[in-house]
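Sequence lines set the chain letters: A, B, ... in the order given, protein chains first and strands last, and positions in each chain run from 1.
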Amino acid sequence: MLIVKFDMQETNFVVVANETYFLLVSETGHRMLVKGQCSHRGGPLHLACLDKAGQNLICPWHETRFGLKRLIATAMPMICIDEQATALLPVQPEAEAQLMRRRIRLPPVPIGETSGQNATEGTRKKPQFMPVSLNLRGHQMSDSYD
Amino acid sequence: MSHSHQVKALSLEPSQFKAYLSRYASNPAFADSDEWLFPDNPYRRPIRSRVLPYLDFSRRLRQQELLQYTGLAANRMLLNIYEADLLFLPDEHLNHAYKDFQHFYSSETRVLGEHIRPILESHIFGFLKETIRVSGQWTRSALREYLLSLTAEAARTPSVSLDAIRKSANPQHAARTYMIQFAGDFLSEASAMGRNVLGHYGAAQSELFKLLIDEFGYGVHDTKHSTLFENLLASLGLFSKPHAYWQFYLTSSLMMNNYFHYICRDHSQFFKYLGALYYTEATFSDVCKHIGIMLTDVFGPEVNIDYFSEHVHIDQYHGRMALDKLVLPIVERFGDEMIPEIVRGFEEIKLLSKIAEDDFAAQVAWSDESSLFKQLHGPVKAAIAAGRIAPKCQRFVEPRGELSVTHVHDGDELCHIVSGTMRFVTGDQRSVLLHEGEGTVILRNRLHGAIIESAECVYEIYSVGDHKQCLS
(Lines give C-alpha, C1' and ligand atoms only; values in the text may rest on other atoms or scores of the structure.)
Protein backbone atom coordinates (compact mmCIF):
# COMPACT_ATOMS: atom_id res chain seq x y z
CA MET A 1 0.00 0.00 0.00
CA LEU A 2 1.10 3.51 -0.73
CA ILE A 3 0.45 6.28 1.78
CA VAL A 4 -0.06 9.60 0.05
CA LYS A 5 -0.30 12.96 1.82
CA PHE A 6 -1.65 16.08 0.17
CA ASP A 7 -3.25 19.43 0.77
CA MET A 8 -6.81 19.30 -0.49
CA GLN A 9 -6.72 22.99 -1.42
CA GLU A 10 -3.98 22.16 -3.92
CA THR A 11 -4.76 18.59 -4.88
CA ASN A 12 -8.03 17.00 -5.86
CA PHE A 13 -6.74 14.42 -8.31
CA VAL A 14 -4.14 11.67 -7.89
CA VAL A 15 -2.56 9.50 -10.56
CA VAL A 16 -0.57 6.45 -9.53
CA ALA A 17 0.30 3.24 -11.38
CA ASN A 18 -2.03 4.09 -14.27
CA GLU A 19 -4.98 4.54 -11.92
CA THR A 20 -6.72 7.81 -11.22
CA TYR A 21 -8.46 8.95 -8.06
CA PHE A 22 -10.37 12.15 -7.37
CA LEU A 23 -11.92 13.92 -4.42
CA LEU A 24 -15.64 13.40 -4.28
CA VAL A 25 -17.39 16.00 -2.15
CA SER A 26 -20.67 15.36 -0.39
CA GLU A 27 -23.42 17.91 0.07
CA THR A 28 -22.34 18.21 3.68
CA GLY A 29 -18.72 18.94 2.69
CA HIS A 30 -17.42 15.47 3.49
CA ARG A 31 -14.61 14.47 1.14
CA MET A 32 -13.70 11.03 -0.12
CA LEU A 33 -10.99 9.85 -2.48
CA VAL A 34 -12.65 7.63 -5.08
CA LYS A 35 -11.57 5.76 -8.18
CA GLY A 36 -11.63 7.97 -11.24
CA GLN A 37 -12.21 5.45 -14.03
CA CYS A 38 -15.51 4.07 -15.23
CA SER A 39 -15.68 0.30 -15.15
CA HIS A 40 -17.11 0.24 -18.67
CA ARG A 41 -14.20 1.61 -20.72
CA GLY A 42 -12.24 3.62 -18.20
CA GLY A 43 -13.99 6.94 -18.82
CA PRO A 44 -13.10 9.89 -16.53
CA LEU A 45 -15.60 9.83 -13.69
CA HIS A 46 -14.44 13.19 -12.33
CA LEU A 47 -16.04 14.64 -15.45
CA ALA A 48 -19.28 12.70 -14.98
CA CYS A 49 -22.53 14.30 -14.03
CA LEU A 50 -25.16 13.06 -11.64
CA ASP A 51 -28.50 11.67 -12.76
CA LYS A 52 -31.72 13.33 -11.62
CA ALA A 53 -32.26 10.80 -8.85
CA GLY A 54 -28.83 11.61 -7.49
CA GLN A 55 -27.98 7.91 -7.41
CA ASN A 56 -25.77 7.40 -10.46
CA LEU A 57 -22.87 9.09 -12.15
CA ILE A 58 -23.24 9.36 -15.91
CA CYS A 59 -19.88 8.73 -17.53
CA PRO A 60 -19.08 11.35 -20.21
CA TRP A 61 -17.74 8.75 -22.68
CA HIS A 62 -20.66 6.40 -23.23
CA GLU A 63 -23.23 7.71 -20.75
CA THR A 64 -22.83 4.54 -18.74
CA ARG A 65 -24.45 4.83 -15.35
CA PHE A 66 -22.08 4.21 -12.50
CA GLY A 67 -23.68 3.79 -9.06
CA LEU A 68 -22.77 6.48 -6.56
CA LYS A 69 -23.28 3.96 -3.79
CA ARG A 70 -20.76 1.67 -5.41
CA LEU A 71 -18.26 4.47 -5.92
CA ILE A 72 -18.45 5.46 -2.28
CA ALA A 73 -18.28 1.86 -1.13
CA THR A 74 -14.90 1.54 -2.80
CA ALA A 75 -13.48 4.88 -1.60
CA MET A 76 -9.87 4.82 -0.52
CA PRO A 77 -9.16 4.85 3.24
CA MET A 78 -8.41 8.48 4.04
CA ILE A 79 -7.97 10.79 7.02
CA CYS A 80 -8.48 14.53 6.69
CA ILE A 81 -7.31 16.95 9.31
CA ASP A 82 -8.54 20.35 8.21
CA GLU A 83 -7.22 20.51 4.61
CA GLN A 84 -4.45 17.95 5.05
CA ALA A 85 -5.30 14.51 3.69
CA THR A 86 -3.57 11.17 4.17
CA ALA A 87 -4.81 8.41 1.89
CA LEU A 88 -3.88 4.76 1.44
CA LEU A 89 -3.79 3.54 -2.15
CA PRO A 90 -3.76 -0.15 -3.15
CA VAL A 91 -0.47 -0.07 -5.06
CA GLN A 92 3.11 -0.92 -4.27
CA PRO A 93 4.59 1.35 -1.59
CA GLU A 94 7.36 2.40 -3.95
CA ALA A 95 4.93 3.61 -6.64
CA GLU A 96 5.11 7.28 -7.48
CA ALA A 97 1.98 9.36 -7.06
CA GLN A 98 1.31 12.45 -9.12
CA LEU A 99 -0.71 15.05 -7.27
CA MET A 100 -2.81 17.38 -9.40
CA ARG A 101 -5.52 19.97 -9.29
CA ARG A 102 -8.09 19.36 -12.02
CA ARG A 103 -11.57 20.48 -12.77
CA ILE A 104 -14.10 18.19 -11.10
CA ARG A 105 -17.38 18.43 -12.92
CA LEU A 106 -19.42 16.47 -10.42
CA PRO A 107 -21.41 18.64 -8.05
CA PRO A 108 -21.45 17.81 -4.33
CA VAL A 109 -23.24 14.50 -4.05
CA PRO A 110 -25.87 13.29 -1.60
CA ILE A 111 -24.58 10.59 0.71
CA GLY A 112 -25.66 9.08 3.97
CA GLU A 113 -29.02 7.44 4.21
CA THR A 114 -29.58 7.50 0.45
CA SER A 115 -26.22 5.94 -0.27
CA GLY A 116 -26.89 3.09 2.10
CA GLN A 117 -23.23 2.49 2.82
CA ASN A 118 -22.10 2.75 6.38
CA ALA A 119 -18.39 2.30 6.69
CA THR A 120 -17.50 5.94 6.40
CA GLU A 121 -17.70 8.45 9.19
CA GLY A 122 -20.30 11.06 8.60
CA THR A 123 -22.57 8.63 6.84
CA ARG A 124 -23.10 6.35 9.80
CA LYS A 125 -26.21 7.04 11.78
CA LYS A 126 -25.46 7.67 15.42
CA PRO A 127 -27.64 8.85 18.23
CA GLN A 128 -26.74 12.44 18.95
CA PHE A 129 -27.24 13.63 22.49
CA MET A 130 -24.51 16.24 22.46
CA PRO A 131 -25.69 19.44 24.07
CA VAL A 132 -24.82 21.58 21.09
CA SER A 133 -28.30 22.92 20.74
CA LEU A 134 -28.05 24.70 24.06
CA ASN A 135 -28.07 28.41 23.57
CA LEU A 136 -26.10 30.24 26.18
CA ARG A 137 -25.13 33.08 23.93
CA GLY A 138 -27.28 35.43 25.90
CA HIS A 139 -24.65 35.49 28.60
CA GLN A 140 -21.98 38.13 28.38
CA MET A 141 -18.38 37.06 28.15
CA SER A 142 -16.26 38.46 30.91
CA ASP A 143 -12.95 40.08 30.25
CA SER A 144 -12.29 40.85 33.85
CA TYR A 145 -10.35 37.71 34.73
CA ASP A 146 -7.03 39.39 35.08
CA MET B 1 -32.82 4.82 35.02
CA SER B 2 -29.32 6.11 34.49
CA HIS B 3 -30.11 6.67 30.82
CA SER B 4 -33.10 8.89 31.50
CA HIS B 5 -31.08 10.76 34.10
CA GLN B 6 -28.35 11.40 31.57
CA VAL B 7 -30.72 12.69 28.92
CA LYS B 8 -32.30 14.99 31.44
CA ALA B 9 -28.91 16.38 32.35
CA LEU B 10 -28.11 17.04 28.71
CA SER B 11 -31.25 19.03 28.13
CA LEU B 12 -30.28 21.72 30.62
CA GLU B 13 -31.62 25.16 29.94
CA PRO B 14 -28.90 27.83 29.83
CA SER B 15 -30.08 29.27 33.10
CA GLN B 16 -30.00 25.82 34.69
CA PHE B 17 -26.49 25.20 33.42
CA LYS B 18 -25.36 28.50 34.84
CA ALA B 19 -27.00 27.74 38.16
CA TYR B 20 -25.39 24.30 38.39
CA LEU B 21 -22.03 25.72 37.32
CA SER B 22 -22.18 28.39 40.02
CA ARG B 23 -23.08 25.86 42.68
CA TYR B 24 -20.36 23.49 41.51
CA ALA B 25 -17.80 26.27 41.52
CA SER B 26 -18.75 27.37 45.02
CA ASN B 27 -17.21 24.17 46.42
CA PRO B 28 -14.62 25.32 49.00
CA ALA B 29 -12.09 22.83 47.61
CA PHE B 30 -12.09 24.83 44.36
CA ALA B 31 -11.87 28.26 45.99
CA ASP B 32 -9.03 30.68 45.33
CA SER B 33 -5.92 30.10 47.37
CA ASP B 34 -3.21 32.16 49.00
CA GLU B 35 -0.70 29.38 48.22
CA TRP B 36 0.93 28.53 44.91
CA LEU B 37 1.45 24.84 45.70
CA PHE B 38 -0.51 22.11 47.45
CA PRO B 39 2.18 19.61 48.46
CA ASP B 40 -0.09 17.12 50.20
CA ASN B 41 -3.69 18.08 49.57
CA PRO B 42 -4.89 16.53 46.30
CA TYR B 43 -8.35 18.07 46.66
CA ARG B 44 -7.35 21.73 46.60
CA ARG B 45 -7.84 22.74 43.01
CA PRO B 46 -8.66 26.41 42.49
CA ILE B 47 -10.77 27.14 39.41
CA ARG B 48 -11.22 30.94 39.82
CA SER B 49 -14.83 30.38 40.70
CA ARG B 50 -15.91 34.02 40.76
CA VAL B 51 -15.23 34.41 37.04
CA LEU B 52 -17.04 31.29 35.86
CA PRO B 53 -20.61 32.64 35.78
CA TYR B 54 -19.53 35.24 33.21
CA LEU B 55 -18.00 32.79 30.78
CA ASP B 56 -19.62 31.21 27.76
CA PHE B 57 -19.08 27.46 27.53
CA SER B 58 -21.98 26.87 25.18
CA ARG B 59 -20.15 26.67 21.88
CA ARG B 60 -17.41 24.36 20.71
CA LEU B 61 -14.01 26.00 20.75
CA ARG B 62 -12.18 25.95 17.45
CA GLN B 63 -8.69 24.48 17.42
CA GLN B 64 -7.04 27.89 17.51
CA GLU B 65 -9.18 28.87 20.51
CA LEU B 66 -8.45 25.86 22.72
CA LEU B 67 -5.88 27.66 24.86
CA GLN B 68 -8.14 30.59 25.64
CA TYR B 69 -9.43 31.26 29.12
CA THR B 70 -12.63 29.24 28.83
CA GLY B 71 -10.47 26.34 27.62
CA LEU B 72 -8.35 26.50 30.76
CA ALA B 73 -11.38 26.91 33.03
CA ALA B 74 -13.32 24.07 31.41
CA ASN B 75 -10.32 21.73 31.52
CA ARG B 76 -9.72 22.44 35.20
CA MET B 77 -13.34 21.67 36.01
CA LEU B 78 -13.41 18.58 33.82
CA LEU B 79 -10.39 17.08 35.53
CA ASN B 80 -12.04 17.70 38.89
CA ILE B 81 -15.21 16.04 37.67
CA TYR B 82 -13.42 13.02 36.20
CA GLU B 83 -11.13 12.56 39.17
CA ALA B 84 -14.01 12.51 41.63
CA ASP B 85 -14.24 8.89 40.38
CA LEU B 86 -10.68 8.18 41.57
CA LEU B 87 -9.41 7.93 45.10
CA PHE B 88 -6.68 10.26 46.25
CA LEU B 89 -5.39 10.30 49.81
CA PRO B 90 -2.65 12.48 51.28
CA ASP B 91 0.62 10.87 52.26
CA GLU B 92 0.57 11.79 55.92
CA HIS B 93 -2.43 12.96 57.90
CA LEU B 94 -5.81 13.65 56.50
CA ASN B 95 -6.86 16.07 59.22
CA HIS B 96 -5.52 19.20 57.52
CA ALA B 97 -7.33 18.24 54.32
CA TYR B 98 -10.34 16.40 55.68
CA LYS B 99 -12.85 19.14 54.88
CA ASP B 100 -11.53 19.39 51.35
CA PHE B 101 -11.69 15.59 51.08
CA GLN B 102 -15.35 15.66 52.07
CA HIS B 103 -16.14 18.53 49.74
CA PHE B 104 -14.30 17.00 46.81
CA TYR B 105 -16.10 13.66 47.05
CA SER B 106 -19.48 14.94 48.21
CA SER B 107 -22.58 13.68 46.45
CA GLU B 108 -23.63 17.22 45.66
CA THR B 109 -20.32 17.94 43.93
CA ARG B 110 -20.57 14.77 41.90
CA VAL B 111 -24.16 15.35 40.84
CA LEU B 112 -23.51 18.96 39.90
CA GLY B 113 -20.40 17.92 38.01
CA GLU B 114 -22.37 15.37 36.03
CA HIS B 115 -24.86 18.04 35.02
CA ILE B 116 -22.27 20.43 33.66
CA ARG B 117 -19.83 17.83 32.26
CA PRO B 118 -21.38 17.27 28.81
CA ILE B 119 -21.33 20.97 27.97
CA LEU B 120 -17.74 21.33 29.13
CA GLU B 121 -16.73 18.25 27.10
CA SER B 122 -18.41 19.63 24.03
CA HIS B 123 -16.68 22.98 24.59
CA ILE B 124 -13.24 21.37 24.69
CA PHE B 125 -13.42 18.27 22.52
CA GLY B 126 -16.20 19.20 20.11
CA PHE B 127 -13.69 20.56 17.59
CA LEU B 128 -12.19 17.12 17.04
CA LYS B 129 -15.24 15.87 15.21
CA GLU B 130 -15.13 18.73 12.74
CA THR B 131 -11.37 18.84 12.36
CA ILE B 132 -10.68 15.16 11.77
CA ARG B 133 -12.58 13.24 9.10
CA VAL B 134 -12.08 9.57 8.37
CA SER B 135 -13.46 8.25 5.11
CA GLY B 136 -13.21 5.37 2.69
CA GLN B 137 -13.33 1.63 2.98
CA TRP B 138 -10.79 0.52 5.56
CA THR B 139 -9.58 -3.01 5.81
CA ARG B 140 -7.67 -4.74 8.55
CA SER B 141 -4.47 -4.77 6.48
CA ALA B 142 -4.84 -1.09 5.56
CA LEU B 143 -5.30 -0.23 9.21
CA ARG B 144 -2.23 -2.20 10.25
CA GLU B 145 -0.11 -0.62 7.56
CA TYR B 146 -1.36 2.83 8.39
CA LEU B 147 -0.77 2.53 12.12
CA LEU B 148 2.71 1.09 11.75
CA SER B 149 3.69 3.68 9.19
CA LEU B 150 2.40 6.63 11.20
CA THR B 151 3.95 5.31 14.40
CA ALA B 152 7.32 5.04 12.68
CA GLU B 153 6.87 8.57 11.38
CA ALA B 154 6.06 9.84 14.87
CA ALA B 155 9.22 8.20 16.18
CA ARG B 156 11.28 10.04 13.56
CA THR B 157 9.68 13.42 14.28
CA PRO B 158 11.79 15.58 16.61
CA SER B 159 10.09 16.58 19.84
CA VAL B 160 9.18 20.26 19.95
CA SER B 161 9.12 20.11 23.75
CA LEU B 162 12.57 18.57 24.12
CA ASP B 163 13.93 21.04 21.62
CA ALA B 164 12.41 23.89 23.65
CA ILE B 165 14.04 22.57 26.83
CA ARG B 166 17.46 22.22 25.28
CA LYS B 167 17.29 25.71 23.78
CA SER B 168 15.85 27.31 26.90
CA ALA B 169 17.77 29.98 28.76
CA ASN B 170 17.21 27.81 31.83
CA PRO B 171 17.00 24.18 30.72
CA GLN B 172 16.64 22.90 34.29
CA HIS B 173 13.61 25.06 34.93
CA ALA B 174 12.13 24.12 31.56
CA ALA B 175 12.71 20.41 32.25
CA ARG B 176 11.09 20.68 35.68
CA THR B 177 8.14 22.48 34.10
CA TYR B 178 7.90 19.61 31.60
CA MET B 179 7.77 17.03 34.39
CA ILE B 180 5.13 19.12 36.18
CA GLN B 181 2.98 18.88 33.06
CA PHE B 182 3.27 15.08 33.15
CA ALA B 183 2.64 14.89 36.89
CA GLY B 184 -1.07 15.52 36.53
CA ASP B 185 -1.41 12.28 34.62
CA PHE B 186 1.53 10.10 35.62
CA LEU B 187 0.92 10.24 39.38
CA SER B 188 -2.39 8.49 38.82
CA GLU B 189 -1.14 6.68 35.75
CA ALA B 190 -3.49 4.38 33.87
CA SER B 191 -6.50 5.44 35.93
CA ALA B 192 -8.41 6.29 32.77
CA MET B 193 -7.43 2.90 31.35
CA GLY B 194 -8.81 1.31 34.50
CA ARG B 195 -12.27 2.54 33.54
CA ASN B 196 -12.21 0.09 30.63
CA VAL B 197 -11.03 -3.08 32.35
CA LEU B 198 -14.32 -3.81 34.11
CA GLY B 199 -17.28 -5.48 32.46
CA HIS B 200 -17.32 -8.47 30.17
CA TYR B 201 -15.91 -8.37 26.66
CA GLY B 202 -13.85 -11.44 26.07
CA ALA B 203 -10.15 -11.95 25.43
CA ALA B 204 -9.52 -8.28 24.67
CA GLN B 205 -10.50 -7.46 28.24
CA SER B 206 -7.73 -9.69 29.56
CA GLU B 207 -5.21 -8.18 27.16
CA LEU B 208 -6.05 -4.69 28.38
CA PHE B 209 -5.78 -5.92 31.93
CA LYS B 210 -2.23 -7.09 31.22
CA LEU B 211 -1.32 -3.58 30.16
CA LEU B 212 -2.93 -2.21 33.30
CA ILE B 213 -1.10 -4.50 35.70
CA ASP B 214 2.18 -3.63 34.01
CA GLU B 215 1.43 0.04 34.75
CA PHE B 216 0.62 -0.91 38.34
CA GLY B 217 3.84 -2.87 38.80
CA TYR B 218 1.99 -6.14 39.41
CA GLY B 219 1.01 -4.96 42.86
CA VAL B 220 4.57 -4.28 44.00
CA HIS B 221 4.36 -0.68 45.08
CA ASP B 222 8.00 0.17 44.46
CA THR B 223 7.62 -0.84 40.82
CA LYS B 224 4.29 0.88 40.21
CA HIS B 225 4.88 3.40 37.47
CA SER B 226 3.46 6.26 39.48
CA THR B 227 5.93 5.40 42.25
CA LEU B 228 8.77 5.57 39.74
CA PHE B 229 7.52 8.97 38.66
CA GLU B 230 7.31 10.15 42.29
CA ASN B 231 10.96 9.13 42.66
CA LEU B 232 11.86 11.11 39.56
CA LEU B 233 10.09 14.23 40.85
CA ALA B 234 11.79 13.90 44.22
CA SER B 235 15.19 13.58 42.56
CA LEU B 236 14.49 16.86 40.77
CA GLY B 237 13.64 18.57 44.05
CA LEU B 238 9.95 18.74 43.20
CA PHE B 239 6.95 17.82 45.32
CA SER B 240 5.86 14.37 44.27
CA LYS B 241 2.20 14.18 45.27
CA PRO B 242 -0.76 14.54 42.92
CA HIS B 243 -1.68 18.05 41.92
CA ALA B 244 0.85 19.81 44.14
CA TYR B 245 1.44 21.90 41.02
CA TRP B 246 -2.23 22.28 40.10
CA GLN B 247 -1.79 25.96 39.28
CA PHE B 248 1.05 25.27 36.86
CA TYR B 249 -0.64 22.80 34.55
CA LEU B 250 -0.94 24.28 31.09
CA THR B 251 -4.33 24.14 29.42
CA SER B 252 -3.09 21.58 26.91
CA SER B 253 -1.62 19.35 29.63
CA LEU B 254 -4.99 19.25 31.37
CA MET B 255 -6.65 18.59 28.03
CA MET B 256 -4.41 15.59 27.28
CA ASN B 257 -5.21 14.11 30.67
CA ASN B 258 -8.90 14.86 30.30
CA TYR B 259 -9.07 13.36 26.83
CA PHE B 260 -8.40 9.85 28.11
CA HIS B 261 -10.98 10.21 30.86
CA TYR B 262 -13.41 11.60 28.30
CA ILE B 263 -13.13 8.62 25.96
CA CYS B 264 -12.76 5.98 28.68
CA ARG B 265 -15.62 7.15 30.86
CA ASP B 266 -17.98 7.01 27.91
CA HIS B 267 -17.78 3.37 26.81
CA SER B 268 -19.41 4.16 23.48
CA GLN B 269 -15.99 5.61 22.65
CA PHE B 270 -14.17 2.35 23.39
CA PHE B 271 -13.06 1.80 19.78
CA LYS B 272 -11.71 5.30 19.63
CA TYR B 273 -9.84 4.57 22.84
CA LEU B 274 -8.15 1.59 21.21
CA GLY B 275 -6.68 3.86 18.55
CA ALA B 276 -5.55 6.40 21.12
CA LEU B 277 -4.13 3.67 23.32
CA TYR B 278 -2.14 2.24 20.45
CA TYR B 279 -0.72 5.65 19.59
CA THR B 280 0.47 6.30 23.13
CA GLU B 281 1.80 2.82 23.76
CA ALA B 282 3.57 2.62 20.42
CA THR B 283 5.17 6.06 20.48
CA PHE B 284 5.88 6.42 24.18
CA SER B 285 8.86 4.08 24.18
CA ASP B 286 10.79 6.34 21.86
CA VAL B 287 9.60 9.49 23.62
CA CYS B 288 10.78 8.09 26.94
CA LYS B 289 14.20 7.27 25.55
CA HIS B 290 14.71 10.88 24.47
CA ILE B 291 13.30 12.32 27.69
CA GLY B 292 15.64 10.12 29.75
CA ILE B 293 18.63 11.32 27.73
CA MET B 294 17.52 14.94 28.04
CA LEU B 295 17.07 14.71 31.82
CA THR B 296 20.51 13.19 32.27
CA ASP B 297 22.06 15.82 30.02
CA VAL B 298 20.35 18.66 31.86
CA PHE B 299 20.64 17.47 35.48
CA GLY B 300 23.52 15.01 35.40
CA PRO B 301 23.57 11.33 36.34
CA GLU B 302 22.01 11.89 39.78
CA VAL B 303 18.53 12.32 38.36
CA ASN B 304 16.38 9.23 38.76
CA ILE B 305 15.12 8.32 35.30
CA ASP B 306 13.85 4.83 36.17
CA TYR B 307 10.35 5.85 35.12
CA PHE B 308 11.47 6.59 31.58
CA SER B 309 13.92 3.69 31.37
CA GLU B 310 11.12 1.34 32.38
CA HIS B 311 8.87 2.70 29.65
CA VAL B 312 11.53 2.44 26.96
CA HIS B 313 11.53 -1.25 27.69
CA ILE B 314 7.92 -2.03 28.49
CA ASP B 315 6.22 0.12 25.88
CA GLN B 316 7.98 -1.73 23.07
CA TYR B 317 5.89 -4.68 24.20
CA HIS B 318 2.83 -2.60 24.93
CA GLY B 319 2.82 -1.15 21.43
CA ARG B 320 2.85 -4.62 19.91
CA MET B 321 0.35 -5.94 22.44
CA ALA B 322 -2.03 -3.06 21.78
CA LEU B 323 -1.92 -3.71 18.04
CA ASP B 324 -1.75 -7.49 17.80
CA LYS B 325 -3.74 -8.47 20.87
CA LEU B 326 -6.25 -5.67 21.11
CA VAL B 327 -6.79 -3.55 18.02
CA LEU B 328 -6.54 -6.16 15.28
CA PRO B 329 -8.44 -8.92 17.12
CA ILE B 330 -11.21 -6.43 17.88
CA VAL B 331 -11.44 -5.58 14.18
CA GLU B 332 -11.42 -9.26 13.33
CA ARG B 333 -14.25 -9.81 15.75
CA PHE B 334 -16.46 -6.84 15.01
CA GLY B 335 -15.60 -6.12 11.40
CA ASP B 336 -13.98 -3.38 9.37
CA GLU B 337 -16.81 -1.04 10.26
CA MET B 338 -15.05 -0.34 13.56
CA ILE B 339 -11.86 0.85 11.89
CA PRO B 340 -12.76 4.51 11.24
CA GLU B 341 -13.42 4.98 14.94
CA ILE B 342 -10.07 3.38 15.83
CA VAL B 343 -8.28 5.58 13.29
CA ARG B 344 -10.11 8.58 14.71
CA GLY B 345 -8.81 7.88 18.22
CA PHE B 346 -5.28 7.52 16.88
CA GLU B 347 -5.54 10.83 15.03
CA GLU B 348 -7.24 12.69 17.87
CA ILE B 349 -4.56 11.97 20.44
CA LYS B 350 -1.88 12.66 17.83
CA LEU B 351 -3.39 16.08 17.19
CA LEU B 352 -3.81 16.85 20.90
CA SER B 353 -0.20 15.82 21.51
CA LYS B 354 0.98 18.28 18.90
CA ILE B 355 -1.10 21.06 20.46
CA ALA B 356 0.42 20.22 23.84
CA GLU B 357 3.96 20.23 22.48
CA ASP B 358 3.48 23.65 20.90
CA ASP B 359 1.80 25.04 24.03
CA PHE B 360 4.65 23.89 26.24
CA ALA B 361 7.31 25.32 23.91
CA ALA B 362 5.47 28.67 23.81
CA GLN B 363 5.25 28.74 27.61
CA VAL B 364 8.97 28.04 27.98
CA ALA B 365 9.82 30.84 25.55
CA TRP B 366 7.46 33.23 27.32
CA SER B 367 8.82 32.41 30.73
CA ASP B 368 12.42 32.69 29.50
CA GLU B 369 11.80 36.16 28.14
CA SER B 370 10.24 37.71 31.23
CA SER B 371 12.77 40.53 31.29
CA LEU B 372 12.14 41.30 27.62
CA PHE B 373 8.39 41.53 28.18
CA LYS B 374 9.03 43.71 31.21
CA GLN B 375 11.04 46.05 28.99
CA LEU B 376 8.23 46.14 26.45
CA HIS B 377 6.01 47.74 29.09
CA GLY B 378 7.62 51.10 28.31
CA PRO B 379 6.84 51.36 24.59
CA VAL B 380 3.39 49.81 24.92
CA LYS B 381 2.44 52.17 27.77
CA ALA B 382 3.80 55.06 25.73
CA ALA B 383 1.62 54.04 22.78
CA ILE B 384 -1.41 54.11 25.07
CA ALA B 385 -0.42 57.45 26.59
CA ALA B 386 0.06 58.92 23.12
CA GLY B 387 -3.38 57.74 22.12
CA ARG B 388 -2.09 55.49 19.36
CA ILE B 389 -4.28 52.77 20.80
CA ALA B 390 -7.19 53.04 23.22
CA PRO B 391 -7.50 49.68 24.93
CA LYS B 392 -10.00 48.89 27.63
CA CYS B 393 -8.45 49.41 31.05
CA GLN B 394 -9.32 47.93 34.42
CA ARG B 395 -7.84 49.16 37.69
CA PHE B 396 -7.33 46.94 40.74
CA VAL B 397 -6.38 47.68 44.32
CA GLU B 398 -5.13 44.66 46.26
CA PRO B 399 -3.55 44.11 49.69
CA ARG B 400 -0.34 42.32 50.59
CA GLY B 401 -0.49 38.58 50.03
CA GLU B 402 -3.37 38.72 47.55
CA LEU B 403 -2.66 35.89 45.15
CA SER B 404 -4.10 35.86 41.68
CA VAL B 405 -4.60 32.20 40.80
CA THR B 406 -2.86 31.33 37.55
CA HIS B 407 -4.83 32.02 34.39
CA VAL B 408 -4.50 33.09 30.76
CA HIS B 409 -5.88 35.93 28.63
CA ASP B 410 -7.45 35.65 25.19
CA GLY B 411 -5.41 38.57 23.84
CA ASP B 412 -2.19 40.37 24.79
CA GLU B 413 -2.50 42.53 27.89
CA LEU B 414 -0.37 45.18 29.52
CA CYS B 415 0.04 45.09 33.29
CA HIS B 416 1.02 48.49 34.67
CA ILE B 417 1.86 49.09 38.33
CA VAL B 418 0.46 52.42 39.55
CA SER B 419 1.80 51.99 43.08
CA GLY B 420 3.21 49.21 45.24
CA THR B 421 4.93 45.98 44.26
CA MET B 422 3.68 42.89 42.49
CA ARG B 423 5.46 39.58 41.95
CA PHE B 424 4.44 38.46 38.50
CA VAL B 425 4.68 34.68 38.20
CA THR B 426 5.25 32.84 34.92
CA GLY B 427 5.91 29.38 36.34
CA ASP B 428 6.81 27.46 39.45
CA GLN B 429 9.76 29.24 41.12
CA ARG B 430 9.85 31.75 38.32
CA SER B 431 8.76 35.35 38.63
CA VAL B 432 9.63 38.94 37.93
CA LEU B 433 9.19 41.76 40.43
CA LEU B 434 7.23 44.80 39.22
CA HIS B 435 7.51 48.10 41.08
CA GLU B 436 5.66 51.38 40.76
CA GLY B 437 5.79 52.66 37.19
CA GLU B 438 6.89 49.30 35.85
CA GLY B 439 4.89 46.58 34.21
CA THR B 440 4.97 43.77 31.70
CA VAL B 441 3.36 42.62 28.51
CA ILE B 442 1.33 39.44 29.02
CA LEU B 443 1.11 37.32 25.91
CA ARG B 444 -2.20 35.77 24.98
CA ASN B 445 -2.78 32.20 26.19
CA ARG B 446 0.32 32.23 28.42
CA LEU B 447 -0.20 30.94 31.94
CA HIS B 448 0.65 33.40 34.70
CA GLY B 449 -0.36 34.55 38.16
CA ALA B 450 0.64 37.26 40.60
CA ILE B 451 1.02 38.03 44.29
CA ILE B 452 1.13 41.41 45.97
CA GLU B 453 4.30 42.09 47.95
CA SER B 454 3.65 45.60 49.27
CA ALA B 455 1.10 46.76 51.85
CA GLU B 456 -1.12 47.64 48.93
CA CYS B 457 -0.73 47.54 45.18
CA VAL B 458 -2.69 49.52 42.62
CA TYR B 459 -2.34 48.23 39.11
CA GLU B 460 -3.98 48.51 35.73
CA ILE B 461 -4.63 45.90 33.09
CA TYR B 462 -4.93 47.14 29.51
CA SER B 463 -6.41 44.77 26.92
CA VAL B 464 -4.14 45.67 24.03
CA GLY B 465 -5.02 42.73 21.78
CA ASP B 466 -1.77 42.47 19.83
CA HIS B 467 1.09 44.23 21.60
CA LYS B 468 3.19 44.29 18.42
CA GLN B 469 0.84 46.88 16.96
CA CYS B 470 1.99 49.23 19.69
CA LEU B 471 5.63 48.82 18.71
CA SER B 472 5.39 49.77 15.04
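Within residues 85-93 of chain A, the residues having any heavy atom under 4.5 Å from a heavy atom of chain B are, by residue number, A/Thr86, A/Leu88. Applying a 4.5 Å heavy-atom cutoff, none of the residues of residues 35-52 of chain A approach chain B.
Here the side chain of B/Glu347 pairs no donor or acceptor atom with the backbone of A/Ile81 at under 3.5 angstrom.
Annotation for A/Glu63: atom CD does not count as buried by contact number, only 12 or fewer foreign heavy atoms lying within 6.0 Å. Counted within 6.0 Å of CD on A/Glu96, heavy atoms from surrounding residues, nucleotides or ligands total 12 or fewer; the atom is thus considered open.
The two residues B/Ser135 and A/Arg31 come nearest to each other via the heavy atoms OG-O, 3.3 Å.
The OH atom of B/Tyr146 sits 11.5 Å away from atom CE of A/Met78, with the distance rounded to the nearest 0.5 Å. Expressed to the nearest 0.5 Å, how far CZ of B/Arg144 lies from CE of A/Met1 amounts to 12.5 Å. Atom CG in A/Asp82 sits 9.0 Å away from atom CZ in B/Phe127 (nearest 0.5 Å).
Chain A forms more heavy-atom pairs under 4.5 Å with one residue of B/Leu351, B/Ile339, B/Thr131 than with any other, namely B/Thr131.
When heavy atoms are compared at a cutoff of 4.5 Å, B/Gln63 approaches chain A solely by way of its side chain, counted from C-beta outward. Contact annotation for B/Leu150: only side-chain heavy atoms (C-beta onward) come within less than 4.5 Å of a heavy atom of chain A. Only the side chain of B/Glu153 comes within less than 4.5 Å of a heavy atom of chain A; its backbone N, CA, C and O stay farther away.
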